[in-house]
Structure formats: C-alpha cells, structure tokens
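Notes to accompany the following structure.
Throughout, residue positions are numbered sequentially from 1 according to the sequence presented.
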Amino acid sequence: MTKVYPNAGAATGTALTGASEPERQQQLVESESVVLTVWKKSLLFNCDGFTVFDAKGNLVFRVDNYAAGSKGEISLMDASGTSLLTIRRKRMTLGDNWLVFEGENTVNPQLSARKHVNLLNTRSLVQVSSGGSASAGSSSSTDSSPRTKNAMYEIEGSYAQRCCAVYDEKRRRVAEIKRKEAVRGVAFGADVFRLVVQPEVDSAIAMALVILLDQMYGSSRRFST
C-alpha cells in the first residue's frame with residue numbers, strides 16, 4: 001500500500017529554487033509550522049477514526065472509537081493510546097454543538113464549538129469559544145453576527161474540499177487543512193490530507209478542530225442526528 005506520509009517537501013526541506021514567489025512564501029511559512037499528514041482511517045480493524053503522522057512518518061495522534069461512540073463521545077489519543085482530549089456532543093441544545101475536555105475528564109470543558117449556519121456568510125463553518133460558553137450553543141442559525149462574543153477560533157472554507165483555515169481572535173491564520181499533493185504519480189483522495197499548524201496553537205487542539213469538522217460536515221456525522 002502506498003505510504004500516506006510524509007510530504008516530500010516537509011520531510012526533506014523542499015528547495016526554493018525554481019518555485020514561484022507564492023510557492024516560496026508558502027514554503028517559508030510551513031518551515032516554521034508543524035505539518036501533519038491526516039489519514040481518515042483507524043489503526044483498528046472495522047473501526048472508523050483517524051491516524052495522524054508527523055513529517056518523519058511517526059505516529060502522533062489516533063482516533064479509534066467512532067464505531068463505539070454511540071453516546072457522541074470521541075477520544076483523541078497520542079501514539080501510545082493515552083487520551084489527550086475528549087470531544088462530546090452537547091445535548092439538549094439547538095444546532096450542532098460540541099464540547100472539548102482535557103484528557104478523559106468530562107467536566108469543565110476547555111472549548112465549546114457550534115456549527116455556523118448563516119446564509120450571509122457561507123464560508124464560516126465553525127465557531128469555537130473558550131470553556132463551556134453558553135454563547136457557543138445558544139446562537140440562532142440565522143444569527144448575522146460574524147463572530148461569537150467569546151470566540152477563540154473561527155473555521156472558514158470547505159471541509160469537503162479539504163480546504164479550510166482556522167483563525168484566532170486576532171484574525172491570525174493559525175492552522176490550515178489542505179489536500180495532500182500527489183507523490184510519484186500517486187494521487188491521494190479526500191481521506192488523506194495535510195494539517196498545517198502554526199506555533200500559536202497546540203497541535204492536539206488543531207486536530208480536535210478537524211474531528212469537529214468531520215462530525216459536522218464529513219461522512220462521520222453519525223452523532224449529528
């Protein structure tokens with residue numbers, strides 16, 4: 001089977017010679033970033049999830065419990081299987097709302113996220129607030145405000161096209177989801193993509209945002225009904 005990792009440029013330091021100016025700028029930005037390869041496939045047989053590698057091909061994160069998560073709870077684990085973050089669907093609220101907890105704890109959430117549905121701003125996908133902020137779950141789907149008052153991150157773009165950007169409260173682009181380039185003539189589908197993480201955000205948090213996008217907009221929306 002074709003290896004999904006690493007990106008040739010990320011692993012070897014792609015030469016800038018011959019690249020266009022936008023390509024050179026992008027390569028310089030990514031040289032200061034963490035570039036992960038995300039594979040929408042669990043390491044366990046007959047189980048949905050994610051497997052995430054760094055630029056050297058080392059396993060960094062894994063999600064193996066989609067199939068077992070009928071209660072709407074997902075665990076983001078490190079390579080050894082230790083739970084880093086628990087992501088849980090927020091019940092009894094309007095819209096698609098989720099909470100992110102540290103470790104296996106399910107009290108005092110670190111983040112709350114809601115699916116953003118706004119006909120006036122179709123690029124906005126998800127708004128993420130600190131803690132269990134009520135504002136992240138109480139806003140109407142027709143709310144025309146561009147950002148929730150306590151928003152920490154806003155995700156824009158198209159998850160289906162694997163082209164998304166994560167912006168912080170200062171409107172800095174702190175993470176991106178991108179399609180993975182073909183390697184040696186082998187093209188990767190939507191199940192293999194890159195997650196580029198800037199120093200301003202923790203890689204585990206960035207991966208949690210990917211899981212949230214997949215639950216809200218991807219093929220794994222089994223908890224959304």
Validation row: [X], [Y] side chains within 4.5 angstrom (heavy atoms):
X    : Y    : result
L111 : M152 : yes
L212 : V100 : yes
E176 : R194 : no
M207 : V38  : yes
F53  : W39  : yes

Rounded to the nearest 0.5 Å, how far apart are [atom1] of [X] and [atom2] of [Y]?
X    : Y    : atom1 : atom2 : answer
L125 : Y159 : CG    : OH    : 11.0 Å
K115 : Q215 : NZ    : CD    : 11.0 Å
L85  : N105 : CG    : CG    : 11.0 Å
E154 : S129 : CD    : OG    : 10.0 Å
I155 : S124 : CD1   : OG    : 9.0 Å
R171 : E169 : CZ    : CD    : 12.0 Å

(message) Within a 6.0 Å radius of atom CD on E104, are there more than 12 heavy atoms belonging to other residues, nucleotides or ligands?
(response) no

Could you pull out the closest heavy-atom pair between [X] and [Y], with the gap in Å?
X    : Y    : answer
K180 : T37  : NZ-OG1, 3.6 Å
V128 : A113 : CG2-CB, 4.0 Å
F193 : K178 : CB-O, 3.2 Å
D54  : V60  : N-CG2, 3.5 Å
R89  : W98  : N-CE3, 3.2 Å
L99  : S112 : CD2-CB, 3.5 Å

(message) Please evaluate residues M216 and R114 with respect to the criterion side-chain contact (heavy atoms from CB on, under 4.5 Å), reporting the C-alpha separation (whole Å), side-chain torsions for both, the decisive distance (0.1 Å), and the verdict.
(response) CA-CA 9 Å; M216 295 178 185; R114 71 179 178 95; 5.7 Å; no

(request) Tell me, with the steps shown, if Q198 and S33 meet side-chain hydrogen bond (donor to acceptor under 3.5 Å, both in side chains). (result) CA-CA 5 Å; Q198 301 301 328; S33 311; 3.0 Å; yes

(request) Without swapping roles, check the side chain of T86 against the backbone of G103 for a donor-acceptor pair under 3.5 Å. (result) yes

(message) Tell me if a side-chain donor or acceptor on D168 pairs with a main-chain N or O of R172 at a distance below 3.5 Å.
(response) yes

(request) Could you state whether M77 and I74 fall into the same hydrophobic cluster, counting links through intermediate Ile, Leu, Val, Met, Phe, Trp or Tyr residues with side-chain heavy atoms under 4.5 angstrom apart? (result) no

(request) Quick one: do K40 and D48 satisfy salt bridge (charged side-chain N to carboxylate O under 4.0 Å, His left out)? Show the steps, please. (result) CA-CA 8 Å; K40 194 177 180 307; D48 294 331; 5.8 Å; no

(message) My understanding is that only residues two or more places apart in sequence, or in another chain, count here; which of them pass side chain to side chain donor-acceptor pair (under 3.5 Å) with S158?
(response) none

(request) Only counting residues at least two apart or in another chain, list the ones meeting side chain to side chain donor-acceptor pair (under 3.5 Å) with D78. (result) S80

(message) Once side-chain contact (heavy atoms from CB on, under 4.5 Å) is applied, do any residues pair with V197, and if so which ones, sequence neighbours excluded?
(response) V34, L195, V201, S203, A206

(request) Output all residues satisfying side-chain contact (heavy atoms from CB on, under 4.5 Å) with E102, sequence neighbours left out; order by chain, then residue number. (result) Q110

(request) Could you pull out all residues at least two apart from R62 that satisfy salt bridge (charged side-chain N to carboxylate O under 4.0 Å, His left out)? (result) D64

(request) Could you list the residues that satisfy salt bridge (charged side-chain N to carboxylate O under 4.0 Å, His left out) with R179, not counting sequence neighbours? (result) none

(request) Apply side-chain contact (heavy atoms from CB on, under 4.5 Å) to L209 and V126, showing your working. (result) CA-CA 9 Å; L209 300 181; V126 181; over 6 Å; no

